[in-house]
Amino acid sequence: MKGLAQGLNSYKNFNLFFDWFYPDYFPIISKVFNVYIEDDEVILTIFRFLNEIVNNRCSRLRFETWNINGLISYKETAKIVI
């Protein structure tokens, strides 16, 4: 999962991935986190993936009013981490 997110080096690629991933598949991360809460390797992998999602390498996250993918990614990641 982390490798997939690392390959999203441009704003366009990140938005394509996030538009596909967010509404349907992002809640799966929370469910996996709750099921495997005792397994440190799985939890570490989830945290690494979330780090890649919210990491703003190559300015791939933008916070304009017409595109709120950056804010949504931070909000959903904060829900899981908290």
Partners meeting ring-ring contact (aromatic ring centres under 6.0 Å, His included) with Y36 (sequence neighbours left out): none

Once you measure the plane-to-plane angle for F17 and W20, does it fall in the parallel (<30°), tilted (30-60°) or perpendicular (>60°) bin? tilted

Please say yes or no: joined through hydrophobic side-chain contacts below 4.5 Å, possibly via intermediate residues, are L16 and F49 part of one cluster? no

Out of curiosity, does L44 fall in the hydrophobic cluster containing V35 (side-chain heavy atoms, cut-off under 4.5 Å, transitive links)? no

Whether the side chain of N51 engages the backbone of F47 through a donor-acceptor N/O pair (distance < 3.5 Å, no angle test) should be reported. no

Under the side-chain contact (heavy atoms from CB on, under 4.5 Å) test against V32, which residue among T45, V42, I37 passes? V42

Quiz: residues 22-29 side-chain donor-acceptor pairs under 3.5 angstrom, not counting sequence neighbours:
from	atom 1	to	atom 2	distance (Å)
Y22	OH	E76	OE2	3.3

Restricting to side chain to side chain donor-acceptor pair (under 3.5 Å), what partner residues turn up for D39, sequence neighbours left out? none

